[in-house]
Amino acid sequence: MVFLLQKEKNLPLNYTFYPYQQGPLSFELIEDINSLISNGFIIEKIIQTTYAPRHDYSLSKIGQKYVERVIEKKMDSRDKGKVNAINKK
């Protein structure tokens with residue numbers, strides 16, 4: 001996903017990717033993911049498949065709260081009103 005966002009959507013994430021057996025590989029991205037795991041922001045679930053282990057990631061409760069705070073800071077009052085109206089439904 002990060003590879004596609006960076007290459008196809010020109011999102012300047014500044015990761016270097018290399019061709020690898022299962023697709024593009026970035027050592028910097030692996031380091032960032034491991035840091036997010038060790039700091040409790042994301043949860044890693046390893047699922048064994050017939051070919052190789054698959055790593056699934058999701059936000060932890062700490063990660064969810066952090067994202068909510070960042071979004072809250074970025075929204076103006078009109079956006080906050082829309083979100084509150086949606087949450088009340």
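The figures that follow rest on heavy atoms only: side chains count, while hydrogens, waters and symmetry mates do not.
- Taking the side chain as every heavy atom from C-beta outward, N39 and S35 approach each other to under 4.5 Å.
- In this structure, R54 CZ and K45 NZ are separated by 8.5 Å, a value rounded to the nearest 0.5 Å.
- Taking hydrophobic clusters as Ile, Leu, Val, Met, Phe, Trp and Tyr residues chained together by side-chain heavy-atom distances below 4.5 Å, L5 shares a cluster with I42.
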From CA spacing to verdict: side-chain contact (heavy atoms from CB on, under 4.5 Å), F17, Q6: CA-CA 10 Å; F17 286 90; Q6 187 169 292; 3.9 Å; yes

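- Here CD1 of I33 is found 8.0 Å from CD of E44. Values are rounded to the nearest 0.5 Å.
- Using a 4.5 Å cut-off between side-chain heavy atoms of Ile, Leu, Val, Met, Phe, Trp and Tyr, with links allowed through other members, M1 and L59 fall into the same hydrophobic cluster.
- Residues L13 and F27 fall into different hydrophobic clusters, defined by Ile, Leu, Val, Met, Phe, Trp and Tyr side chains chained together at heavy-atom separations under 4.5 Å.
- Taking CD1 from I43 and OH from Y57, the interatomic distance works out to 12.5 Å, rounded to the nearest 0.5 Å.
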If you apply the rule side-chain contact (heavy atoms from CB on, under 4.5 Å), what do you find for E68 with V70, and how did you get there? CA-CA 5 Å; E68 288 170 2; V70 169; over 6 Å; no

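- A donor-acceptor contact shorter than 3.5 Å links the side chain of S60 to the backbone of F41.
- Hydrophobic clustering places Y66 together with I62 (ILVMFWY residues linked when any side-chain heavy atoms are closer than 4.5 Å, directly or through intermediates).
- Following chains of ILVMFWY side-chain contacts shorter than 4.5 Å, one cannot reach L36 starting from L25, and the two form parts of different hydrophobic clusters.
- The side chain to side chain donor-acceptor pair (under 3.5 Å) contacts involving residues 16-32 comprise Y15-D32, S26-E28, where partners must be two or more places apart or lie in separate chains.
- Within the 4.5 Å cutoff, the side chain of V67 has no heavy atoms near those of the R69 side chain.
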